Amino acid sequence: MAKEKTSRLIAQNKKAYHDYFIEQTYQAGISLAGTEVKSLRKGKCSLKESYIRIEDREAFIFNMHISPYEQGNIFNKDPLRTRKLLLHKHEINKLLGATTATGYTIVPLKVYFDRGLVKVDIAIAKGKKLYDKRQTIAKNDMRREAEKDFKIRNITL
C-alpha cells in the first residue's frame, strides 16, 4: 500500500517570525470554494499582508491572496475575500482572551495540505520592538557564522 504524504507546504509567512514573538500556535481548517482549492494545489497563495480577526465568536482571515484558477470561469472567487477559519469554540475563546491583552494579535504562519485538507497554522503573537528585531538578526548572523566555521573545520580535517 502506498502511503499518502502527510503534509505539503503551500505558503509561509516569514515576515511574521521577523515582526512578532510567537507565543502559542493552533491548527485551523479554512472554508474554501472548489476553484480556490485547485489554485492552492498549484501553490498560488500569499500570506504577506494577511491577518486574523474574531467577529461574532467566529474567526476570519483577511487579505489572504489566493490567485484565481486559470481554468475556472464564473466560479472563481475574489482573490482577497474574507475566509472563515474552522476552529473549536474553546480555541476561539482562548484566542479572543489573548487578543484582549495589550500587544497581542493573531497572525497566520503557514498554509499547507494535511491529508488532502487545507490547513492554516495560526499563532498568538506579541509585536517586536525595533531593538528586538536587531537582536534577532544579530543572533541569526552569529549562528550562521558558527555553522559556517564548523563546516569549514570539518572539511579540512
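This structure is a prediction, so every number in the text was calculated from the model and none was measured.
Contacts of Asp141 classified as side-chain contact (heavy atoms from CB on, under 4.5 Å), with partners at least two apart in sequence or in another chain: Ile137, Arg144.
The two residues Ala59 and Ile92 make their nearest non-hydrogen contact at N-CD1, 4.3 Å. Taking every heavy atom of both residues into account, Ile22 and Ala16 meet most closely at CD1-O, 4.3 Å. Closest approach of Lys48 to Asn13, counting heavy atoms only: O-OD1, 4.4 Å. Nearest heavy-atom pair, Arg83 versus Leu32, reported as atom, atom and distance to 0.1 Å: CD-CD2, 3.7 Å. Among all heavy-atom pairs drawn from Leu40 and Cys45, the shortest one is CD2-CB, 3.5 Å. Counting all heavy atoms, side chain and backbone alike, Ile10 lies closest to Gly43 at CG2-CA, 4.1 Å.
Counting heavy atoms of neighbouring residues, nucleotides and ligands inside a 6.0 Å radius, atom OH of Tyr26 exceeds 12 of them. More than 12 heavy-atom neighbours from other residues, nucleotides or ligands sit within 6.0 angstrom of NE2 on His90. More than 12 heavy-atom neighbours from other residues, nucleotides or ligands sit within 6.0 angstrom of CD on Gln27.
The hydrophobic cluster containing Phe60 also includes Tyr51, Phe62, under a criterion of side-chain heavy atoms closer than 4.5 Å among ILVMFWY residues, counted directly or through chains of members.
How far CD1 of Ile61 is from OG of Ser50: 4.5 Å, rounded to the nearest 0.5 Å. Summarising the geometry, atom OH belonging to Tyr112 is positioned 10.5 Å from atom CG belonging to Leu117; distances are rounded to the nearest 0.5 Å. Of the inter-residue distances, the one linking Leu85 atom CG with Ile52 atom CD1 reads 5.0 Å to the nearest 0.5 angstrom. The distance from atom NZ of Lys126 to atom CD of Glu23, rounded to the nearest 0.5 Å, is 7.5 Å. For the atom pair CZ of Arg41 and CZ of Phe113, the computed distance is 4.0 Å after rounding to the nearest 0.5 Å.
Just one of Leu47, Thr25, Ile122 meets the side-chain contact (heavy atoms from CB on, under 4.5 Å) condition when paired with Leu109; it is Thr25.
Residues Glu36 and Arg81 meet the side-chain proximity criterion, which asks for heavy atoms closer than 4.5 Å. In this structure, the side chains of Arg57 and Leu96 come closer than 4.5 Å at one or more pairs of heavy atoms.
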